[in-house]
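As the structure lists them, so they are numbered: ligands from 1, and atoms in each ligand from 1.
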Amino acid sequence: MLTAKAEIDLNALQHNFNVIKQLSPRSKIVAVVKGNAYGHCATTVAKTLSAADAFAVARIEEAVTLRQAGITHPIILLEGCFCAADLNTAAEFKFQPVIHHAGQLADILSTTLASPLKVWLKIDTGMHRIGIYPEQVAHYVSQLTSSKNVIGEVGFVSHFYQADELSSATTLEQLTRFSATTAPFPGEKSLSNSAGVLYWSDAHFDWVRPGIALYGISPRAESNGIDEGLLPVMTLKSQLIAVREHKAGETIGYGGHWVAERDTRIGVVAMGYGDGYPRMAPAGTPVLVNGRKVALVGRVSMDMMTVDLGPASHDQAGDEVILWGNGLPAEEVARHIGTIAYELVIKITNRVQRQIIST
Ligand SMILES: *Cc1c(COP(=O)(O)O)cnc(C)c1O
């Protein structure tokens, strides 16, 4: 029997895609499935989202995995090729690399490819992580357009760094800089991540690039996806493997830092940091047991964690536990732990079987 599992709800995934489509009706959608679709299983997600116009990943290996699973959509490499040899792989599998620095430009200009590539230029409009400066764009476009290795118009991408802050002036500055920089060129334009899709409708351009919103999670730390009309795709589940009487004054688990203030009953859950549940989760982090919110107590260990069921509880070994998802937003758990839900879902390890749910 499956103990720790991550249910992946394909109806919720399709619902979230439809919400994004309605919010950006004039844009094509590149569904971001990097990091094994943020821990949700990239090939399953890509097969479900056949209505997407393209997929995007961070590493070329992730793109190869999608092609080998039979995905024929355009696939964008968000950080491009990391070495000249990868350009041949990109040509073989028809990937669309981003170009964000001089070395990548030099590689594509100097390599002999079996077939030409569609490419995207990454412009740094203010994030200052990767991308060329606006004043370099004309030079890059003319070099790429005249290369035999490039087919079609060069597309343009940039990335927001504060779009989850609804009153952020920097987002409008990035938007203005992106518009002005790309206006002289005919290629397609793409700026919005999930936060751009949800909160900055002027920033949708030709292609939107949602990731986290597809999975039903809010890009804002302060809100839950459910408040944005999204449905959680992953529900992380396990079960109680023991229920124990626990006396006031007794500690629990490694380190012995948590001390019970009253006699109570403790539930032992088959879920630990070996499954990707954060070891740093503090006492008080919520867990759903039989649909009731209870508090994590003691330190999360590799394969188990302990929760305070309360003295009057009737839960038993074998009962269902939900760590996040339906009934308990991952965003809420993340706020207790001091991280974002992106990190929670992507870190679930392979020991946790993904179980596909669809009707
Ligand atoms: C990851 C990523 C996205 C998706 O971001 P979300 O916040 O998950 O929507 C979009 N564009 C780029 C370049 C990315 O790296």
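- Of all atoms in ligand 1, listed by their number and element, those nearer than 4.0 Å to a heavy atom of Tyr38 are 1 (C), 4 (C), 5 (O), 6 (P), 8 (O).
- Residues Leu87 and Asp107 have side chains in contact (heavy-atom distance under 4.5 Å, counting atoms from C-beta outward).
- For ligand 1, the atoms closer than 4.0 angstrom to any heavy atom of Ser194 are 6 (P), 9 (O).
- Close N/O approach between Gly211 and ligand 1 is found [any backbone or side-chain N/O within under 3.5 Å].
- The N/O atoms of Glu79, backbone and side chain alike, include none that comes under 3.5 Å of an N/O atom in ligand 1.
- For ligand 1, the polar-atom distance check finds an N/O of Tyr342 within less than 3.5 Å of one of the ligand's N/O atoms.
- For Phe178 and Phe205, the ring centers sit closer than 6.0 Å to each other.
- Pairing each heavy atom of Val197 with each of Pro210, the nearest pair is CG2-CB, 4.4 Å.
- Under 4.0 Å from ligand 1, the heavy atoms of His159 that appear belong solely to its side chain.
- Atom numbering of ligand 1 starts at 1 in the shown order; those under 4.0 Å from a heavy atom of Leu78 are 12 (C), 13 (C), 14 (C), 15 (O).
- Atoms of ligand 1 lying under 4.0 Å from at least one heavy atom of Ile212, given by number and element, are 6 (P), 8 (O), 9 (O).
- Between the side chains of Thr349 and Asp275, no donor-acceptor pair is found at a separation under 3.5 Å.
- In the hydrophobic cluster analysis, where Ile, Leu, Val, Met, Phe, Trp and Tyr join through side-chain heavy atoms closer than 4.5 angstrom, Ile29 is grouped together with Phe160.
- Arg209 NE, 2.9 Å is the protein heavy atom nearest to atom 11 (N) of ligand 1.
- A salt bridge is absent between Glu245 and Lys247; no separation between the charged side-chain nitrogens and carboxylate oxygens falls under 4.0 Å.
- Residue pairs meeting the salt bridge (charged side-chain N to carboxylate O under 4.0 Å, His left out) criterion with at least one partner in residues 297-326, sequence neighbours excluded, are Lys237-Glu320, Arg262-Asp308, Arg292-Asp315, Asp303-Arg351.
- Numbered from 1 in the order shown, with element, the atoms of ligand 1 that lie under 4.0 Å from a heavy atom of Lys34 read 1 (C), 2 (C), 3 (C), 14 (C), 15 (O).
- Under 4.0 Å is where a charged nitrogen must lie from a carboxylate oxygen, and between Glu222 and Arg335 no such pair does.
- Inclusion of Val32 in the set of residues having an N or O under 3.5 Å from an N or O of ligand 1 is not warranted.
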